[in-house]
**Q** 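Here it is, the structure in full.
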Amino acid sequence: MAVVDEGAEVSASNNSGRPIKLFRNLSSKIAAIPMILTTLVIFVGCTVWTITYSFTSSKLLPKTKFVGFDQYERLWGTKRWLVSIENLFVYGICSLVLTLLIGFTLAALLDRKIRFENTFRTIFLYPFALSFVVTGLAWQWILNPEFGVQNIVRGWGWESFTFDPLYNSDIVIYGILIAGIWQGSGLIMVIMLAGLRGIDEDIWKAARVDGIGPVKTYVQIIIPMMKPVFITALVLIASGIIKLYDLVVAQTSGGPGISSEVPAKYVYDYTFKAQNLGQGFAASTMMLVAVVIILIPYVYLQFGGRKND
């Protein structure tokens with residue numbers, strides 16, 4: 001009986017002395033209710049609504065007439081969509097690699113505590129402060145063959161020099177890529193620089209004592225230690241790649257022809273200009289699938305890998 005009474009006392013003490021987990025941090029949970037409702041109603045609700053109506057024959061207005069996968073079959077049978085996917089793939093791979101490489105290189109140079117570091121950091125980060133539309137229009141002028149880079153070089157005497165990527169359907173996506181890298185590298189540089197400044201100085205001292213060169217130190221020691229920083233940078237770059245729209249509209253409007261089309265522009269044009277909600281929703285659903293494909297490895301690396309460690 002004594003044991004039972006002692007257990008009852010402990011249970012009673014727990015019930016009376018300790019707050020139930022549900023009511024812990026009650027004020028913060030109440031404050032989070034608007035955000036939770038917003039997420040459920042606007043983000044989750046609109047996502048479900050979009051996916052549902054992508055299986056309908058909706059045109060100007062939503063319709064509940066389901067047509068199965070007809071919209072998706074039409075989507076993947078449209079040359080414009082296939083060109084946009086190809087452009088996004090080329091832009092994405094090049095942007096991912098070059099932005100990371102340039103951003104990390106600039107961060108590594110600034111981390112050497114050079115003179116006028118603040119000035120250089122401001123110059124490199126300044127393009128990120130501009131909107132994509134302003135960046136696109138600026139580079140449209142720079143790459144214009146009549147008064148841009150081509151005209152300047154020809155004025156120096158190289159009459160046969162040709163550099164008109166925005167007017168060449170074969171390389172137009174690379175002209176857009178130049179503007180994208182110019183704007184995004186500064187942000188990645190700042191993120192990488194913050195990661196480098198978080199590395200203990202004793203590690204560098206130990207590497208110098210062991211006779212390890214700077215490049216080998218970066219590759220074998222520093223970069224593996226910055227894994228979370230690289231994951232964050234990859235997610236930011238990938239999200240910007242998928243929603244690529246402003247640069248294309250500002251620089252080429254999808255031209256010449258349809259050679260610089262991207263999925264986000266396809267969604268906008270079919271949803272609002274062509275007034276074909278079903279086709280626009282199907283394209284946006286495929287973009288959502290791409291986002292999920294990116295998020296799954298990110299979530300695993302951030303939480304699954306940490307749990308295993």
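Everything quoted here is computed from the prediction, not taken from an experiment.
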**Q** Who are the side-chain hydrogen bond (donor to acceptor under 3.5 Å, both in side chains) partners of Tyr266, not counting sequence neighbours?
**A**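 In terms of side-chain hydrogen bond (donor to acceptor under 3.5 Å, both in side chains), with neighbours along the sequence ignored, Tyr266 is linked to Gln279.
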**Q** Which residues pass the ring pair (Phe, Tyr, Trp, His ring centres under 6.0 Å) test with Phe132, not counting sequence neighbours?
**A** none
**Q** Answer yes or no: is there a side-chain heavy-atom contact under 4.5 Å between Phe120 and Leu109?
**A** no
**Q** Rounded to the nearest 0.5 Å, what separates atom CD1 in Ile223 from atom CD1 in Ile199?
**A**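 The distance works out to 10.5 Å.
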**Q** So which heavy atom on Tyr91 is nearest to which on Leu247, and how close?
**A**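 The answer is OH-CD1, 4.0 Å.
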**Q** Only counting residues at least two apart or in another chain, list the ones meeting side-chain hydrogen bond (donor to acceptor under 3.5 Å, both in side chains) with Ser259.
**A**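 For Ser259 there are no side-chain hydrogen bond (donor to acceptor under 3.5 Å, both in side chains) partners, ignoring immediate neighbours.
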**Q** Given the rule that I, L, V, M, F, W and Y join up when any side-chain heavy atoms are under 4.5 Å apart, are Val291 and Val267 in one cluster?
**A**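 The answer is yes; both residues are in one hydrophobic cluster.
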**Q** With distance as the sole test, does Asp210 use its side chain to make a donor-acceptor pair with the main-chain N or O of Ile212 at under 3.5 Å?
**A**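 Answer holds: no.
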**Q** Can you give me every donor-acceptor pair (side chain of residues 136-148, partner residue at least two apart or in another chain, under 3.5 Å) with its distance?
**A**
unit_1 : atom_1 : unit_2 : atom_2 : d
Gln140 : NE2    : Gln251 : O      : 3.1
Asn144 : OD1    : Glu146 : N      : 2.9
Asn144 : ND2    : Tyr167 : OH     : 3.1

**Q** Please report the interatomic distance CG(Leu110) to CD1(Ile114), rounded to the nearest 0.5 Å.
**A**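 Separation between the atoms: 5.0 Å.
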**Q** What pairs meet the side-chain hydrogen bond (donor to acceptor under 3.5 Å, both in side chains) rule with one or both residues in residues 77-87, with sequence neighbours excluded?
**A**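 Only Arg80-Glu261, Arg80-Asp269 qualify under side-chain hydrogen bond (donor to acceptor under 3.5 Å, both in side chains).
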**Q** With sequence neighbours left out, what residues match Asn118 under side-chain hydrogen bond (donor to acceptor under 3.5 Å, both in side chains)?
**A**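 Expected list: Arg121.
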**Q** Quick one: do Val90 and Leu96 end up in the same hydrophobic cluster if we chain Ile, Leu, Val, Met, Phe, Trp and Tyr together by side-chain heavy atoms under 4.5 Å apart?
**A** yes
**Q** Work out which heavy atom in Gly213 is nearest to a heavy atom in Thr217; give both atom names and the distance.
**A** O-OG1, 2.7 Å
**Q** If Ile, Leu, Val, Met, Phe, Trp and Tyr residues are connected whenever their side-chain heavy atoms lie under 4.5 Å apart, and connections chain through other members, are Phe272 and Trp49 in the same group?
**A**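 No, because Phe272 and Trp49 fall into different hydrophobic clusters, even though each may have its own neighbours under 4.5 Å.
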**Q** Looking at Pro256 and Leu166, what are the two nearest heavy atoms and their distance?
**A** CD-O, 3.8 Å
**Q** Distance-only check: which donor-acceptor pairs under 3.5 Å involve side-chain atoms of residues 179-196, not counting sequence neighbours?
**A**
unit_1 : atom_1 : unit_2 : atom_2 : d
Gln183 : NE2    : Pro127 : O      : 3.4
Gln183 : NE2    : Leu130 : O      : 2.4
Gln183 : NE2    : Thr135 : OG1    : 3.2
Ser185 : OG     : Ile181 : O      : 2.7

**Q** In residues 237-244, what donor-acceptor pairs under 3.5 Å come from side-chain atoms, sequence neighbours left out?
**A**
unit_1 : atom_1 : unit_2 : atom_2 : d
Ser239 : OG     : Val235 : O      : 3.2
Ser239 : OG     : Leu236 : O      : 2.8

**Q** Who passes side-chain hydrogen bond (donor to acceptor under 3.5 Å, both in side chains) against Ser58, sequence neighbours left out?
**A**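 Only Thr56 meet the side-chain hydrogen bond (donor to acceptor under 3.5 Å, both in side chains) criterion with Ser58.
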**Q** Please step through ring-ring contact (aromatic ring centres under 6.0 Å, His included) for the pair Tyr72 and Trp76, ending with a clear verdict.
**A** CA-CA 6 Å; Tyr72 293 91; Trp76 288 100; 9.0 Å; no
**Q** Linking I/L/V/M/F/W/Y whenever any side-chain heavy atoms sit under 4.5 Å apart, do Phe69 and Leu75 land together?
**A** yes
**Q** With rounding to the nearest 0.5 Å, note down the distance linking NZ in Lys227 to OG1 in Thr232.
**A**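 Separation between the atoms: 12.0 Å.
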**Q** Let me check something: any side-chain donor-acceptor pairs from residues 280-290 under 3.5 Å, sequence neighbours excluded? List them with distances.
**A**
unit_1 : atom_1 : unit_2 : atom_2 : d
Ser284 : OG     : Gly280 : O      : 3.3
Ser284 : OG     : Phe281 : O      : 2.8
Thr285 : OG1    : Phe281 : O      : 2.7

**Q** If you look only at pairs with a residue in residues 190-208, which of them pass as a side-chain hydrogen bond (donor to acceptor under 3.5 Å, both in side chains), with sequence neighbours excluded?
**A**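 Pairs touching residues 190-208 that pass the test: Asp111-Arg197, Glu117-Arg197.
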**Q** Examine Phe43 and Leu40 and state if one hydrophobic cluster contains both, with Ile, Leu, Val, Met, Phe, Trp and Tyr joined whenever side-chain heavy atoms are less than 4.5 Å apart.
**A** no
**Q** Give, for atom OG1 of Thr99 and atom CD1 of Ile102, the distance between the pair rounded to the nearest 0.5 Å.
**A**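 Reported value, rounded in 0.5 Å steps: 6.5 Å.
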**Q** How long is the span from the CG atom in Asn276 to the OG1 atom in Thr271, to the nearest 0.5 Å?
**A** 8.0 Å
**Q** With a 4.5 Å cut-off on side-chain heavy atoms, are Phe104 and Tyr218 touching?
**A**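 Tyr218 vs Phe104: side chains touch.
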**Q** If every non-hydrogen atom of Phe163 is compared with every non-hydrogen atom of Gln150, which pair is closest and at what distance?
**A** N-OE1, 2.9 Å
**Q** Please indicate whether Trp158 has more than 12 foreign heavy atoms, meaning atoms of other residues, nucleotides or ligands, lying under 6.0 Å from its CH2.
**A** no
**Q** Using side-chain contact (heavy atoms from CB on, under 4.5 Å) as the criterion, point out the one residue from Val248, Ile85, Val83 that pairs with Val262.
**A** Val248
**Q** Judged by atom type as modelled, is there a donor-acceptor pair below 3.5 Å linking the side chain of Gln71 to the main-chain atoms of Phe55?
**A**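 No, Gln71 side chain to Phe55 backbone: no donor-acceptor pair under 3.5 Å.
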**Q** If you look only at pairs with a residue in residues 240-259, which of them pass as a ring pair (Phe, Tyr, Trp, His ring centres under 6.0 Å), with sequence neighbours excluded?
**A**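 As it turns out, the ring pair (Phe, Tyr, Trp, His ring centres under 6.0 Å) pairs with a partner in residues 240-259, which skip direct neighbours, are Tyr245-Tyr268.
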**Q** About how many Å separate CD1 of Ile178 and CD1 of Ile173, when rounded to the nearest 0.5 Å?
**A**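 Between atom CD1 of Ile173 and atom CD1 of Ile178 there are 11.0 Å.
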